[in-house]
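Everything below concerns the one structure shown next.
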Amino acid sequence: MKMKVLLAGIAVDINKLQLDPAIEVIRTSSVSETLEVLQRNIPDVVISEFVFKDGNGAVIFKSIQEKLGSEVVFVWYTSKSDEEVCDKDFYLLNPLNRYIPASAPAEDLIEAIKDTLAKKEEKEIGKYVRVSIERFKKFNSLPCDVFIKLSDNKVIKIINKDEMYSQEIIEKYKGKGIKYLFVQEGDFATFSSFVYTTLRSSVAVARDDAKANSEEIDVSEKDIAVVHDLIRHLNVEQSTVAVLNEVSTTSIRTINKAPALKDTVMSMMKEKGYLYGHCLMISYISGLIANKMRCDSKTTLQQLSIAAILHDIALDSEELARVEDLNDEKNSPLDWKTKEKIKKHPIVAANLATKIKDLLPDVSSIILSHHERPDGRGFPRGLGPTAVLQIGCIFIVAEDFVNRVCCQELNAEFLTKIKNDFSKKYGKGNFRAPLQGLLDVLAKV
Ligand SMILES: [Fe+2]
Ligand SMILES: [Fe+2]
């Protein structure tokens, strides 16, 4: 079936796209004509200008949301700024929604449309969960069907549910360079509980598992040392450090149990030293704040810690992870694609977190809100100080603190400055108690 793209008020030359037999392009030039076309067509993607002679594009966006729902991907291509055209919930309604400035060249627009269409198709593929091929090596039958991915939108079944299979088939695909097999999302809970129960019941396999875990921990030793340097400076009691160590280790194990996340987290640990250290520090500092707030049940500490490990998982560099204010002049050299990536990374990470089986409540919400700020200038939603959950506020205060002290000497003058800045910034709404918690953490320094 052809994918339908509706271009409302877009005059750029997109011949290359029109030549693609899999895509049908519809063009309109006014708000009224667009609304009329939408009566007869359900497009997959709408690319719209904001300014029209007979009104503005917000009318088109609203009409689509009301009549067709958020499944239709909406892309702004306009000279207006994203603040002017993107509603607070714009990216949440559909994570594929985008803003592209009209200053971007036509090739960028074509590439963005193709990319969006591919991702939309991939949503079907998204119903499959990726599992390392190594996981299939210890069995000869499974309680679900298993697939390989041939392309971004094609999978084929290679193992039938409950049917015996030989290891040769796995070796054959491994030999072809395939690293992952796929199970359907609906089967994933059954699959993983089957795999893990089986693994645990085997002493030999348990030994292998222990070996794998010690290798994982070796990778992170350097980063843990950085964290503990900071903790030492904060004069935290040894018993509290012991609890936080255990919580962090449990979080990494929990996340590693979700095959869809394990590989990403492992590569973060191996290749992105800064990000991993950054995540661990937030895990510890948010735990210390919760401790001072007397809200440090194991569940709360675990929620904060899992959120800490995953919150920047959609970013791949220290530089991007540290961008605090997208409107700040110092960030103006970033191109629109990078800005979009930054703006959406909390949404992407929050969605990924849901891949963890029996995920603790609020973890996704903490991740989603980690760039919100009490002055309402954060992203992606620009929430005010009472709209972020308090546990999310603990996380925000902790991350801001971690970023401020990163690579700095914690002398008295610097600490007084942080305390003053933070008191001004966070002394409101749900941020008040976490701010006090941080000040209490710093009181002994
Ligand atoms: Fe982030
Ligand atoms: Fe971060």
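Counting convention: from 1, in listed order, for ligands and their atoms alike. In this text the structure is predicted, and so the values were computed from the model without any measurement.
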**OP:** Kindly give the atom name of the N, O or S atom of H371 closest to the Fe ion (ligand 1).
**Re:** NE2

Subject >> salt_bridge(R404, D421) N-O dist < 4.0 Å >> reply: yes

**OP:** Using only N, O or S atoms, tell me which atom of D312 is closest to the Fe ion (ligand 1).
**Re:** OD1

**OP:** Name whichever N, O or S atom of E399 ends up nearest to the Fe ion (ligand 2).
**Re:** OE2

Original post:
Taking the inter-plane angle between the rings of F422 and Y426 on a 0 to 90° scale, is it parallel (under 30°), tilted (30 to 60°) or perpendicular (over 60°)?
Top reply: tilted

**OP:** Calculate the angle formed at the Fe ion (ligand 1) by NE2 in H345 and NE2 in H370; 10° precision is enough.
**Re:** 90°

Original post:
Should the ring pair F379 and H371 be called parallel, tilted or perpendicular, given that the plane angle runs from 0 to 90° and is split at 30 and 60?
Top reply: parallel

**OP:** Check all N, O or S atoms of H311 and name the one closest to the Fe ion (ligand 2).
**Re:** NE2

**OP:** I would like to know whether S251 and Q302 meet side chain to side chain donor-acceptor pair (under 3.5 Å); could you show each step before the answer?
**Re:** CA-CA 7 Å; S251 297; Q302 210 71 72; 2.9 Å; yes

**OP:** Check the angle between the aromatic planes of F90 and F61 and answer parallel, tilted or perpendicular using the 30° and 60° thresholds.
**Re:** tilted

Original post:
Counting backbone and side chain alike, does C279 bring an N/O/S atom below 2.8 Å of the Fe ion (ligand 2)?
Top reply: no

